[in-house]
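Encoded as structure tokens, the structure appears first; notes follow it.
Atoms considered below: every heavy atom in the structure, side chains included; atoms not considered: hydrogens, waters and symmetry mates.
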Amino acid sequence: MSSTHTEKVRAGQATTGRYEATAKAASKSLKKESSVAVMIEPLMVTNGDSLVTEDHRKDSRSVILKHAEDLDNLNDSSPQRHEMETDPPKTKPTAHPVLTNLEEGLALGRASTLGSPSPQSLPGAHAVAGIFPSRPPQPHTLASSALEEGQRTSNLAVANPVQEVVLARAEPQWERVGSPKTYPANHLLLVLCFVPLLIVAIAIPLTLIKGDSEQVSTATITPSAAPSEGPSSPGTPAPTGALDLLLLDLPKTSIENVHIFNTPQQQAYDWLLQYPNITGLENWRKKQLFALASFYYAMEGAHWRKEIRDNFLIYDQFGYELPEECYWFSSIFGNFQFDAYSESSTLPAIYVPCNGHGEFTTIFLSDLHLANHTPSIPEEIGLLTSLETLLLAYSGIHGNLATFLPPELYKMSSLTRLRLHENQLSGKIPSQIALLRNLEALSLHTNALTGSIPTHLGLLSNLTGLWLRANRLDGSIPKELASLSELASLRLDNNDLTGTVPSWLGLMTQLTHLNLHFNALTGTIPTQLALLTNLKNLTLSGNELTGGIPKWLGLLTSLIELSLGGNSFSGTIPSELAQLTNVQTLDLSNLPLLSGEIPQEFGLLTAGLGELNLTGSLNLMGAVPAELCFLQNSSCQFMDSYWQQMFDCFLLFDCTDSLRGCGCSCQQSA
């Protein structure tokens, strides 16, 4: 025998010695555990989900003990050992029932991790499948490892491998680096000895867990108790799921915003969860409250005037006929100035902004003090499907008007009044406003709007009031406005409008207020305006109008205010103006081209006249009618039809050598 061969034999013997030492230690452990297995045996006889049968368990125990005894008899000089080292087995061993069942279970575990369909039909599927993790396993092939070890030891016999068994190990969720370890063949026997005990140990907890999960599942589907009849106190969270139906009925973007931290919608949703007896409200009420709360947070409600915010989003208004939110606007806050030309200037002591069904119809807020904040109207305004009036005035709201108004607003067919006057809104007037076909009043005056007047506004056939004054609008007055046959009040004053006074205005016979003063209009006063017999207010001052003052103005006997000053009118003052017996304010100031005497017929205007201004018209001559001198009395007052307030009377004219009267002497003014 060569030295090389001798070294290989010795290496093989050393390897076998290590295996024997491991086997002896394992056999002692197996003997002790076999007694434990006897105690556990009754637990294995369960329902159809048991992994092994009673016969299999007995056979497996006898085989395990037999192998343990054989290992104890092995020693360095035994002929059995020599036979194992030199002679390979002559026949392939028959698979034991326990091993067969185990292999099926292990194969099931491997298949379950790889997504194989319907593994539950295999023996032991319920328990074995729970052993393996959901991630693909890292296989360790025991039989092939033993075969490789045997090949490295040339003096050892190579046994026919048992069917390959792949164990799936529960590994952490990261990728293993390096090649898998290999194990000697004798380790397979140790693994097979411990597997039955491992299966028993796992089967028991799985059975208990299954029972618990069935109880949990049953508890989960049990209907929850009905909500309490009485309202919960503010600050008590609503039960989980109380607003699920509301979420299903909200627009997609609203749902998305509910799940974004600190959005107005998320804050409104949290507030609504605290609402007393929220589970007892109908879904339309939940939407109404959600919309109003979203409006409050989007409009920087925390910064409103205290007396306003303290009467908003309150819970304690119970016992009324209508829903409590209908009384959030029950007081008149701030400066609620109406445009008296088309609406009443006073509100009742209790103004309820809901209809008889409790549906919100009016948002009427003023003087909110928002100049240093960035409020916006949320899209949830569209959830108030019965809203008729939206007024946010005198509040210092700034920013682009087109951005401030959400697209959902233009879909509100119920909206009849949109009033955003006396703010700091800028940009162009969005043409989408024309989509509000039922709009009756549009008030955007006293802002910083630019651009031209949209021609699309002519589509608002129900419009009765259009207030765009005190902006920076330019261009001419669009002829499309002639379609507004119901228009009663047109206020375009204090802009940068050019062109002429349109003659088609004479077709708008419902007009009561036509205010075009302080623009850059040219030309003459069109004769067609004589058809506007319902006019109460005609202001054309501060333009570049020419020609004479028309006599037919005397036919507009309903006039309360006539303002023609600051133009380039020439000629004389027509005496026909004395027919305006209802006039309160007559402005003929700053007309340097005007000449002639003041008509003595003006003495007939004493019934209602409160203001007569002739200053700046230096070419007038004669005497002021004595009947008008009462306007200088300190006790004289008149009721202004616009402000609905009492004002002091006045008579203003330049006292010159040519014009005297009412105590005025030369070079003095009265």
Output side-chain donor-acceptor pairs under 3.5 Å for residues 288-297, partner residues at least two apart or in another chain, one line each.
{"from": "Q288", "atom 1": "OE1", "to": "F360", "atom 2": "N", "distance (Å)": "3.0"}
{"from": "Q288", "atom 1": "NE2", "to": "E325", "atom 2": "OE2", "distance (Å)": "2.7"}
{"from": "Q288", "atom 1": "NE2", "to": "G358", "atom 2": "O", "distance (Å)": "3.2"}
{"from": "S294", "atom 1": "OG", "to": "F290", "atom 2": "O", "distance (Å)": "2.9"}
{"from": "Y296", "atom 1": "OH", "to": "G301", "atom 2": "O", "distance (Å)": "3.3"}

_Under 3.5 Å: donor-acceptor pair, side chain of T416, backbone of E388_ = yes
*Report the residue from L418, L436, T464, L420 that forms a side-chain contact (heavy atoms from CB on, under 4.5 Å) with L442.*
L418
_Using 0.5 Å steps for rounding, measure from the OG atom of S395 to the CG atom of L368._
3.5 Å
*Rounded to the nearest 0.5 Å, how far does NE2 of H513 lie from OG1 of T539?*
10.0 Å
*Would you say the side-chain atoms of S426 and N400 include a donor-acceptor pair closer than 3.5 Å?*
no
*asked:* Could you check whether S563 and D587, counting side-chain N and O atoms only, form a donor-acceptor pair closer than 3.5 Å?
replied: yes
*Would you indicate whether H398, at its atom NE2, is surrounded by more than 12 heavy atoms from other residues, nucleotides or ligands within a distance under 6.0 Å?*
yes
*asked:* Do L514 and N537 make a side-chain contact, defined as non-hydrogen atoms from C-beta onward lying under 4.5 Å apart?
replied: no
*Rounded to the nearest 0.5 Å, what's the gap from CD1 on I477 to OG1 on T500? Could you check?*
8.0 Å
*Any side-chain donor paired with an acceptor under 3.5 Å for N462 and E440?*
no
*Scan R469, R419, E422, H421 and name whichever one has a side chain to side chain donor-acceptor pair (under 3.5 Å) with S443.*
H421
*Rounded to the nearest 0.5 Å, how far does CG of L383 lie from CG of L250?*
6.0 Å
*Is it true that the side chains of N495 and D474 contain a donor and an acceptor less than 3.5 Å apart?*
no
*With sequence neighbours excluded, tell me which residues meet ring pair (Phe, Tyr, Trp, His ring centres under 6.0 Å) with H259.*
none
*asked:* With rounding to the nearest 0.5 angstrom, report the CD to CZ distance, E611 to F650.
replied: 3.5 Å
*Sequence neighbours excluded, every pair satisfying side chain to side chain donor-acceptor pair (under 3.5 Å) that has a member inside residues 247-256*: D249-N283, D249-K287, T253-E379, S254-E380
*Using only heavy-atom distances, determine whether the side chains of D640 and Q645 contain a donor-acceptor pair under 3.5 Å.*
no
*Flag the pair L586 / N613 as yes when at least one side-chain heavy-atom distance between them is below 4.5 Å, and no otherwise.*
no
*Indicate whether the side chain of E480 and that of T455 have a donor and an acceptor atom separated by less than 3.5 Å.*
no
*Side-chain donor-acceptor pair under 3.5 Å between S386 and E359, yes or no?*
yes
*Distance only, no hydrogens: is a donor on one side chain within 3.5 Å (strictly under) of an acceptor on the other, for Q274 and D270?*
no
